[in-house]
Amino acid sequence: MKRRGRNVGRFRTPIWAAIKGTVGLLGSMKVMTEPTAAGTGTPSAAEVARIRGELERDVRILAREFPGRGMYRLPTLRACEAWIAGQIEAAGLMVERQAYRVGDVEVVNYHATVRGAGATRDEIVVVGAHYDAVELLPGYELCPAANDNGSGVAATLFLMREFATEARAGRVLGRTLRFSFWVNEEPPYFWTEEMGSLVDARARQAAGERIVAMLTPETIGCFSSKPGSQQYPPIPGLREKFGDAGDFIALIGMSESHEFVRRCVALMREHSDVKCAGAALPAVVPGVGASDHWSFWRCGFPALMITDTAPFRYEFYHTPEDVPEKMDFEMMSRVVCGLRGVVRGVMG
Ligand SMILES: [Zn+2]
C-alpha cells in the first residue's frame, strides 16, 4: 500500500547527536544575513540548456536506477557507487576510494582531484555532495532521493566535468580542486562518527591539509513563487529578510564562516540571475548544520551549503515522492551556472 505523508524518514537524529552536533563545538553566536536579491549574471539560453541537459539526465538516473541507495539496501548502494566511479573515470580523472567500516560493512566515499599549479596548489577547495538516500519507515516505498540529494550529486558531477575539461585544455587553476561524493549523510549516521563527510574531514585534518573552502550542494531543485511556500526555523526576522516565497537559492554556513558566505553570495550574484540569499548563523539554529558542511566546520574549515532549504520548502522531502518530476530543472541549472562561478572565484 502506498501511503502518503510528509517526511517519512525512518530515523530521526538521536537527541545525543543533536546536542553534540549543535553545541559540541561552541561557535560564536554571530548572525550574518545577506537578504534575498536577484543576481546580475546572465547565462545564455544555450548554456542553461546545456547544463540542464546534464543535470536532468543524472538526477533521473539516480532516482530511477538507485532508489533507496543506502546501507539498508546494499546492492543498490554498490550499484550507485560503481556508477559514480564510472562518471569520475569518464571525466578523465582518477577514482580515489576512501573506504571505512560501519560494523561489518565497508562503505566508501569517492573523490576526484583536479590539481592546481603554482604557489597555491597546496590549498584545496572541496566541492562535494552526499550520494546516499534516506531510509523510509516500513510500509513506505523507497525514496528515489531525486532532490535530496540527487540534485547535489548531479551538480557536483557537472562541475567536475567542467573543471576537468578546462584543466585538459590547459586552463589550470592555482588551487587544487577536489570533488567528493560522501556516503552516510542521512540518519542514523547524520552527525555521528560514521557519517562519510566527517570521516573524510577528520582524515584531511589529521593529514594537515589546507582546505580553504568547502561547498556542498544539498537539495537544490525546488523553487516556488507561491506566497507562503517558504518556511523558516524559529528565528525572528528571517521571513522579513528572505521573503515569503521559495523562489531563491540559499547559501548557509555556521557563524564562523560568515566572510566565506558573504564572498560566495557575491560571486553567485555575479554569475547567475537567480535570487540568492545568504546566512551565517549559530550552529544551534535548526537546519543550519543539516548537511556535510557541518563535518568540515567541525574540523575548522570554512564551509557552506547551497540549498533550496529542503524541509523548509520542499513538500516531498524524505518521502517516496522525491522524484525528478517535482523539481525545477530550469532554476536548478541557473543555480549550478552560478555555482560554477563561485568555484572559479574561490579558486583564485
Ligand atoms: Zn536528506
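Order of appearance sets the numbers: ligands from 1, and atoms from 1 within every ligand.
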Metal site the Zn ion (ligand 1): N/O/S of Glu185 inside 2.8 Å: no
Phe329 six-ring face occupied by Arg57 cation (under 6.0 Å, within 45°): no
Aromatic plane relationship, Trp294 with Trp297 - under 30° parallel, 30 to 60° tilted, over 60° perpendicular: tilted
N, O or S from His130 under 2.8 Å to the Zn ion (ligand 1): no
Apex the Zn ion (ligand 1) - arms NE2 from His318 and OD2 from Asp148 - angle rounded to 10°: 90°
2.8 Å cut-off met by an N, O or S atom of Glu186 to the Zn ion (ligand 1): yes
Where at least one partner belongs to residues 171-186, residue pairs that pass salt bridge (charged side-chain N to carboxylate O under 4.0 Å, His left out), sequence neighbours excluded: Glu123-Arg175, Arg178-Glu209
Pro217 backbone acceptor or donor facing Asn149 side chain under 3.5 Å: yes
